[in-house]
Amino acid sequence: MRLSLGIQCVAALLSVVTGSVAADSSVYKDPETGFTFSQFRAEYQIGKYITYRIAVPASVPENSSYDVVLQVIAPVAVGWAGIAWGGTMVGNPLTVGWANGNSAMVSSRKATGHTTPSAYPSASYTLFKTGTRANSTHWQYTVKCSGCTSWGSTRIPATGTQNKFAWAFCPTKPVSPSNNQSSFSVHESYNYWTHDFSTATNVNFASLVQAGIGKRAVEFGDLEW
Ligand code: HEM
Ligand SMILES: *[C@@H]1O[C@H](CO)[C@@H](O)[C@H](O)[C@H]1NC(C)=O
Ligand SMILES: *[C@@H]1O[C@H](CO)[C@@H](O)[C@H](O)[C@H]1NC(C)=O
Ligand SMILES: *[C@@H]1O[C@H](CO)[C@@H](O)[C@H](O)[C@H]1NC(C)=O
């Protein structure tokens, strides 16, 4: 007991001395989509995790907006899982996802208070054909988001090492899983983390997006290609 406490104290002291604080995320290379993600595993119940992965394009000019790819993996016991792009419930883009048949649904939201967040049309999402599924144990989605990294005068630095995020978890499924405007009940747990975008850079971001969205881009009405 005393020994482990001692080691923690030394580690804390070292980080104060060097001024370096590591982000809570780590690097994950996804063989399925080809992206290099920076990932965070949120412990939503003791020993149970939801994984949040983010991939970023290379060479984003300072202060400019940019798309990201988000991948979320959750056990079927997760009714909905949310990510807050500015690290708070209120006043920043929220991405809320849940299982929908053998696929997943993503909903764009923003909250003005601690009540059900409303639709947020300033962020748009293109679901991937690759890396999106639901089975008897998990559901997972991979999605491109345009509008998740800037809102108002805030811009998430594309190579920021300490970007602030929050997650929320609810065991209850939304009322109408096939409807992205569905209502859902309040979270059972939430927490905060810092995400390192500098390790999530992908030089081939655009081509990996094209490959991942495949034919589904047309089905979802994305005429960009
Ligand atoms: C039905 C929808 C929701 C309701 C009714 C709701 C309600 C609330 C309430 C009442 C609190 C305050 C808790 C406290 O002070 O102990 C809170 C905090 C919080 N909620 Fe939600 N929430 C909802 C959806 C979401 C979603 C989708 C997210 C997405 C990540 C989220 C993230 C958070 C976070 C991070 C906090 C901590 C305090 C803060 O950042 O403002 N919530 N929520
Ligand atoms: C980016 O924004 C910051 C804060 O507003 C500003 O200080 C900086 O000059 C901007 N950089 C560029 C290249 O516009
Ligand atoms: C639902 O999907 C439509 C069509 O893709 C989109 O225009 C709308 O913004 C989405 N709404 C939400 C709340 O995600
Ligand atoms: C179910 O989905 C999860 C998440 O995508 C995946 O890791 C797992 O291999 C899948 N299970 C089966 C039996 O395909």
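For ligands, and for the atoms within them, numbers begin at 1 and follow the listed sequence.
Distance alone, capped at 3.5 Å, is enough to place a donor-acceptor pair between the W139 side chain and the V78 backbone. Checking side-chain atoms of T149 against main-chain N and O of Y66 turns up a donor-acceptor pair under 3.5 Å. D196 contributes a side-chain N or O that, together with a main-chain N or O of S198, makes up a donor-acceptor pair within less than 3.5 Å.
Between W193 and Y52, the gap from one ring centroid to the other is short of 6.0 Å. Aromatic pair F35/F205: centroids less than 6.0 angstrom apart.
A donor and an acceptor atom, one from each side chain of D67 and S146, are located under 3.5 Å apart. There is no side-chain donor-acceptor pair under 3.5 Å between Y28 and T51.
Counting only heavy atoms of the protein, atom 4 (C) of ligand 2 lies nearest to N63 ND2, 4.7 Å.
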ask   = So I54 and W85, side chain to side chain contact (heavy atoms under 4.5 Å, CB included) or not? Walk me through it.
value = CA-CA 11 Å; I54 296 169; W85 293 86; 3.9 Å; yes
request  = I would like to know whether Q45 and E188 meet side-chain hydrogen bond (donor to acceptor under 3.5 Å, both in side chains); could you show each step before the answer?
outcome  = CA-CA 9 Å; Q45 286 170 349; E188 181 183 282; 3.2 Å; yes
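Within 4.0 Å of atom 13 (C) of ligand 4, not a single protein heavy atom is present. Distance screen at 4.0 Å: atom 7 (O) of ligand 4 has no protein heavy-atom neighbour inside the cut-off.
Counting the atoms of ligand 4 from 1 in the order shown, those under 4.0 Å from a heavy atom of Q140 are 4 (C), 5 (O). Each of the following atoms of ligand 4 lies closer than 4.0 Å to a heavy atom of N135: 1 (C), 2 (O), 3 (C), 8 (C), 10 (C), 11 (N), 12 (C), 14 (O).
Annotation: H138 places no N or O atom under 3.5 Å from an N or O atom of ligand 4; distance criterion only.
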Please tabulate, line by line, the atom pairs linking an N/O of ligand 1 to a protein N/O at a distance below 3.5 Å, with the distance in Å to 0.1, or answer 'none'.
from	atom 1	to	atom 2	distance (Å)
ligand 1	20 (N)	H187	NE2	2.8
ligand 1	22 (N)	H187	NE2	2.7
ligand 1	40 (O)	M89	N	2.9
ligand 1	41 (O)	H114	NE2	2.7
ligand 1	42 (N)	H187	NE2	2.8
ligand 1	43 (N)	H187	NE2	2.7

